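Worksheet for the structure shown next.
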Amino acid sequence: QAAKPNVVVLATGGTIAGAGASAANSATYAAAKVPVDKLLAGLPELANVAKVSGEQVFQIASESFTNEHLLRLGQRVSALAKQADVDGIVITHGTDTLEETAYFLNLTVRTNKPIVVVGSMRPGTALSADGALNLYDAVTVAASKDAAGKGVLVTMNDEIQSGRDVSKTINIKTEAFKSQWGPLGMVVEGKNYWFRAPVKRHTMQSEFNIDDIKALPAVDIVYGYSNMNTTGIEAYGKAGVKALIHAGTGNGSVAAQAVDSLKALRAAGVQIVRSARVPDGFVLRNAEQPDDKYDWVVAHDLRPQKARILAMVALTKTNDSKELQRIFWEY
Ligand SMILES: NC(=O)CC[C@H](N)C(=O)O
């Protein structure tokens, strides 16, 4: 029998490492409690799929992830991916910002080896806990040759999703992670079934490399709504942001009073990225606002929180708005 592939599980916390007071607590519990060794010991079925080792990188709820956490995690994933004795990497993560970390790794880790980010909606102590199967699925995908070169993946609820496209869409229920473009495939009983592949640049075809990124620039998000005031935009400008993501209404529309504030920020050198607060669809250049005239960038189909990740990564290489727009089309 051939030796099983080597998979490293990097644990960062979240509900998948959560514990509640009783089995009825599916929503009230403490996240980031169970250490990775205990998580792995509780799942002896993993040995059928791979030779698994665990490493506790952080033990936090994912809403508290900072840029420093992203950089440290990315550097560790990159170092492991270079090791000949590592075939795939799994990252256990809280679900709240899982999509941001997955996209960050997708943009910056130069490898074809499978990288899978996974979480759970219920703690392991709850009835119908989903973490064990999600983790088993993640290790299955990370151990598979057929998962190579597909970018960073997310396994939740039996589906294999692209880390670029996927978002958390509901805060209760296990079918929380969706993409408007659909999952790439499914993982069932330790086997992958693929139906599509990503077309955007990622990992091995990326022009970005975590090994060269020492810090990420300040990029923040302002939310559009009726009767919007411009206090937030101006405060971010004063705080010295390098780019501001506008989470606009509808097709990325911008309130008249906010247009003036954003134009003033752009004139002061801040990059303006026009995205939309609606969950699906995409923002068209020069529709709703004259992006060419204002020298703004549009976020394509990226949600504001993903546009922030790409803007930070892109700004480590260029501050040219045309280049930024090219990057937003390509990644
Ligand atoms: N389901 C979860 O993982 C949410 C728990 C926590 N808020 C986190 O993101 O880490």
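Start at 1 and go down the list; that is how both ligands and their atoms are numbered. In this chain, residues are counted from 1 in sequence order. On a predicted model such as this, the values are computed, not experimentally measured, just so you know.
Scanning the protein heavy atoms around atom 10 (O) of ligand 1, the nearest turns out to be S62 N, 2.7 Å. Counting only heavy atoms of the protein, atom 1 (N) of ligand 1 lies nearest to T95 OG1, 2.7 Å.
In summary, E55 and R76 engage in a salt bridge, as defined by a charged side-chain N under 4.0 Å from a carboxylate O. A salt bridge links E207 to R326: one of the charged nitrogens lies within less than 4.0 Å of a carboxylate oxygen. The pair D295-R266 counts as a salt bridge, with a side-chain nitrogen and a carboxylate oxygen less than 4.0 angstrom apart.
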### Query
How far apart are the C-alpha atoms of S128 and R122, what are their side-chain angles, what is the distance that settles it, and do they pass the side-chain contact (heavy atoms from CB on, under 4.5 Å) test?
CA-CA 8 Å; S128 287; R122 297 177 183 146; 3.3 Å; yes
### Query
Where do D96 and K168 land on the salt bridge (charged side-chain N to carboxylate O under 4.0 Å, His left out) test, with the steps shown first?
CA-CA 7 Å; D96 289 359; K168 183 174 184 176; 2.7 Å; yes
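Heavy-atom contacts of G14 reach the following atoms of ligand 1: 10 (O) (cutoff under 4.0 Å). Less than 4.0 angstrom separates some heavy atom of E63 from each of these atoms of ligand 1: 6 (C), 7 (N), 8 (C), 9 (O), 10 (O). Close approach of ligand 1 to T15 is summarised as follows: ligand atoms under 4.0 Å from at least one heavy atom of the residue are 1 (N), 2 (C), 3 (O), 4 (C), 5 (C).
Distances shorter than 4.0 angstrom occur between a heavy atom of S120 and an atom of ligand 1.
Judged as a ring-ring contact (aromatic ring centres under 6.0 Å, His included), the pairs with a partner in residues 50-108 (not counting sequence neighbours) are, in order, F58-F65, F58-H69, F65-H69, F65-H93.
Considering backbone and side-chain N/O atoms, T97 never comes within less than 3.5 Å of an N/O atom of ligand 1.
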